[in-house]
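Read the structure below first, then the notes.
Reckoned from all heavy atoms, side chains included, excluding hydrogens, waters and symmetry mates. Residue numbers run from 1 in the order of the sequence given.
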Amino acid sequence: KEIILSWNHNIDNETAVVKPIHFEIFMAKKRAGACEGCPFEFKTIGVVPAPSMEFITKIEKGYKYYFRVQAAGEGTMRSDYSKSVKFEPK
């Protein structure tokens, strides 16, 4: 199975500190039934050039997935992470 992630990123080009060149997509996954509250680690799973705001990735049953996105600009400029989104395939 695959999941399509999409997001919005609105900026004011005159006042924005980070003007996105690309978006970095992060994912963490845990086995379904793993301890609630246990830590998990986000890892980069892809980069999407701006202005595109869509990413497709494979998923499998038996896991809980957590995704977040970060805008990246010139040099080392980065936005804050987006809110994390949880997805559990049925």
Side-chain angles (χ1 to χ4, degrees):
K1 285 190 160 187
E2 292 182 333
I3 186 170
I4 300 171
L5 304 171
S6 62
W7 58 92
N8 294 311
H9 184 80
N10 299 317
I11 63 166
D12 178 340
N13 279 324
E14 292 184 23
T15 60
V17 175
V18 177
K19 295 177 183 170
I21 294 172
H22 66 265
F23 297 95
E24 192 167 354
I25 297 84
F26 298 86
M27 180 183 78
K29 78 179 195 178
K30 290 197 309 192
R31 284 205 171 277
C35 67
E36 287 298 321
C38 286
F40 51 86
E41 181 181 348
F42 279 95
K43 295 182 181 177
T44 300
I45 59 167
V47 173
V48 176
S52 180
M53 289 183 250
E54 188 173 280
F55 183 78
I56 300 171
T57 190
K58 292 186 184 299
I59 56 171
E60 54 189 307
K61 284 185 179 179
Y63 289 92
K64 294 177 184 177
Y65 293 87
Y66 302 84
F67 299 96
R68 67 184 184 190
V69 177
Q70 184 179 46
E74 294 285 336
T76 59
M77 294 293 289
R78 296 276 189 269
S79 70
D80 291 335
Y81 292 109
S82 67
K83 291 182 181 176
S84 296
V85 175
K86 176 181 164 186
F87 181 76
E88 188 172 356
K90 303 291 180 195

Taking the six-membered ring for Trp, is the centroid-to-centroid distance between Phe23 and Trp7 below 6.0 Å?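 Phe23 vs Trp7: aromatic centres under 6.0 Å.
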Please confirm whether Tyr66 and Phe42 have ring centers closer than 6.0 angstrom. no
Glu74 atom CD, neighbour heavy-atom count above 12 within 6.0 Å: no
With under 30° as parallel and over 60° as perpendicular, where do the rings of Phe67 and Tyr65 fit, or are they tilted in between? parallel
Run the numbers on Phe55 and Ile4 for side-chain contact (heavy atoms from CB on, under 4.5 Å), then give the verdict. CA-CA 6 Å; Phe55 183 78; Ile4 300 171; over 6 Å; no
In this structure, would Ile45 and Tyr81 fall into the same cluster of hydrophobic residues linked by side-chain contacts under 4.5 Å? no
Ignoring hydrogens and angles, state whether a donor on the side chain of Gln70 or Ser79 is under 3.5 Å from an acceptor on the partner side chain. no
With rounding to the nearest 0.5 angstrom, report the [atom1] to [atom2] distance, [X] to [Y].
X: Thr44; Y: Glu24; atom1: OG1; atom2: CD; result: 3.5 Å
X: Tyr63; Y: Met27; atom1: OH; atom2: CE; result: 10.0 Å
X: Ser6; Y: Met53; atom1: OG; atom2: CE; result: 10.0 Å

Are Thr57 and Ile3 side-chain neighbours, meaning at least one heavy-atom pair lies under 4.5 Å? yes
Answer whether the closest heavy-atom distance between the side chains of Leu5 and Ile25 falls below 4.5 Å. yes
On a heavy-atom basis, which atom in [X] and which in [Y] lie closest, and how many Å separate them?
X: Ala28; Y: Glu41; result: CB-O, 3.4 Å
X: Arg68; Y: Ser82; result: CA-OG, 3.4 Å
X: Lys1; Y: Lys90; result: NZ-O, 3.7 Å
X: Gly73; Y: Ile21; result: C-CD1, 3.6 Å

Closer than 4.0 angstrom, basic N to acidic O: yes or no for Lys29 and Glu60? yes
Walk me through it: do Ile59 and Phe87 pass the test side-chain contact (heavy atoms from CB on, under 4.5 Å)? CA-CA 10 Å; Ile59 56 171; Phe87 181 76; 3.3 Å; yes
